[in-house]
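All remarks here apply to the structure that follows.
All values reported here derive from a predicted model rather than from experimental measurement.
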Amino acid sequence: MSRVAFLGLGVMGFPMAGHLQQAGHQVTVYNRTAAKAAAWAEQYGGTAADTPRAAAAEAEIVFCCVGNDDDLRSVVLGDDGAYAGMREGSLFVDHTTASAAVARELAAVGADKGIGFVDAPVSGGQAGAEGGQLAIMCGGSQSDFDRAQVVMSAYAKATELFGEVGAGQLTKMVNQVCIAGIVQGISEGLFMASEAGLDAKKVAKLVAQGAGGSWQLANRADTMVDGAFDFGFAVDWMRKDLGIALAQAKDMGVSLPVAALVDQFYGDVQSLGGGRWDTSSLIQRLRVLKGQDI
C-alpha cells in the first residue's frame, strides 16, 4: 500500500479518492472548497490538507482531477503547489482532461525536480468513478505508468499507455470527438423515430443489438426519449473538452468537421439553459427546432 494524495474532489475525484482509501492506501486530500475535503475525510476516514503542498508532502504518488489547464497549474505550481511539497522520486498522475501542452509543460518542470509525471485522463463519467470502472488513457514513461497502474487499479477497469507524456490527453481528445458524433447521430435517429410515430425506446433496444449499437445508445436512449438529463457528464465540460480537441486538431492541420458542428450544437443547448444537462441533451435542440416545448 502507498501513501498518496488526491487533489480535486469534484464528482469524479471524490469517489476516486474514496476507492484509494478503501483499497488500503493512506490518502490525504485537498480541495479548493475546504468543506468538501472535510466531508470526504469524514466519509472515508482519510486526511484533509489545507494546501496542495501540504497534501503532497509525504506522498509517494499525487493524483489530481481538476477542471482545466489553469486549475491544474494552480494546484501544481507556486509556493503552495504540489510540486513544492513533493520529494525527489515521487510521481504526479493527472486525471484532469486538459491540453497535451500543459501535460508536457508540467512534466518538464517536474523532471527538473526529480518528479515523474503521467497524464491519465479518464472516461466513464460519474457512474464509472463511483463504481470504480473507469477507462484510463495514459502518457508517460513505461516505469512511471507501471508504478501508477498498480494504484489506479482501485478505480479502473482498463488502463493503457499510449506513448510519452501528452499521449493520454491526445487519446482523450479522440474519445470526446467520437462521443460527440455518436450522441448527435443517436439524437437524430431517436427524434426521427418519435416523429414517425414509432416507439423510440423499442427502436433503440433493437438497434442496439445490431451494427448501430453503442454504449451511448444502450445507456442513454430511454432517458433521451424521456427528456431526462440530470446526470452524467455536463454540456459545459464537453464544450471545454471539444475546444481542446479542436485547437489541437487545428495545430495539427487536421479537419474535424463533425466535431466542430456538434460543438456548435452544444452551444445551442447552453443557450437553452442546458449547460449542466448531460451531453445526451443534444436531442432537446432538435425538439426546439421543431417547435416543441421542452
Side-chain angles (χ1 to χ4, degrees), residues 12 65-69 72 94-104 119-129 133-139 156-191 207-208 211-221 224 229 232-271 274-286:
M12 302 292 288
C65 190
V66 292
N68 54 39
D69 288 20
L72 182 56
D94 180 35
H95 291 307
T96 306
T97 296
S99 68
V102 77
R104 295 175 186 130
D119 56 304
V122 303
S123 181
Q126 183 176 349
Q133 294 291 299
L134 293 170
I136 308 179
M137 46 216 84
C138 301
K157 68 175 179 180
T159 56
E160 190 70 53
L161 179 65
F162 288 95
E164 295 302 316
V165 170
Q169 295 297 351
L170 292 170
T171 305
K172 181 60 183 288
M173 295 175 207
V174 173
N175 184 80
Q176 302 305 77
V177 167
C178 290
I179 290 173
I182 290 168
V183 174
Q184 178 61 22
I186 293 171
S187 297
E188 293 178 13
L190 293 179
F191 187 66
V207 171
S214 68
W215 186 96
Q216 295 289 340
L217 185 63
N219 289 275
R220 294 290 183 259
M224 290 171 75
F229 309 111
F233 192 64
V235 167
D236 286 343
W237 290 113
M238 185 60 156
R239 287 213 79 193
K240 183 266 289 185
D241 290 359
L242 286 176
I244 292 171
L246 291 169
Q248 178 70 42
K250 183 178 180 181
D251 288 344
M252 295 166 55
V254 173
S255 176
L256 301 179
V258 174
L261 187 60
V262 177
D263 179 56
Q264 294 177 36
F265 292 164
Y266 276 125
D268 293 341
V269 174
Q270 287 175 318
S271 297
R276 299 304 302 170
W277 292 347
D278 180 80
T279 49
S280 62
S281 58
L282 282 170
I283 195 170
Q284 294 294 74
R285 174 183 172 275
L286 299 176

Do the non-hydrogen side-chain atoms of [X] and [Y] ever get within less than 4.5 Å of each other?
X      : Y      : answer
Met12  : His95  : no
Ile182 : Trp215 : no
Met238 : Val183 : no

For [X] and [Y], which heavy atoms make the closest approach, and how far apart are they?
X      : Y      : answer
Ser281 : Val269 : OG-CG1, 3.6 Å
Pro121 : Gly168 : CG-O, 3.3 Å
Ala245 : Val177 : CB-CG2, 4.0 Å
Met173 : Ala98  : CE-O, 4.3 Å
Ser123 : Asn175 : OG-ND2, 3.4 Å
Met224 : Ser187 : CE-OG, 3.2 Å

Are the side chain of [X] and the backbone of [Y] linked by a donor-acceptor contact shorter than 3.5 Å?
X      : Y      : result
Lys240 : Gly67  : yes
Arg276 : Asp236 : no
Asp119 : Gly166 : yes
Asp278 : Phe233 : yes
Ser99  : Val102 : yes
Gln169 : Thr96  : yes
Lys157 : Gly128 : no

When rounded to the nearest 0.5 angstrom, what is the spacing between [atom1] in [X] and [atom2] in [Y]?
X      : Y      : atom1 : atom2 : result
Thr279 : Tyr266 : OG1   : OH    : 4.5 Å
Leu286 : Gln184 : CG    : CD    : 6.0 Å
Ile186 : Arg220 : CD1   : CZ    : 10.0 Å
Leu72  : Asp94  : CG    : CG    : 4.5 Å
Ile136 : Thr171 : CD1   : OG1   : 13.0 Å
Met137 : Leu170 : CE    : CG    : 12.0 Å

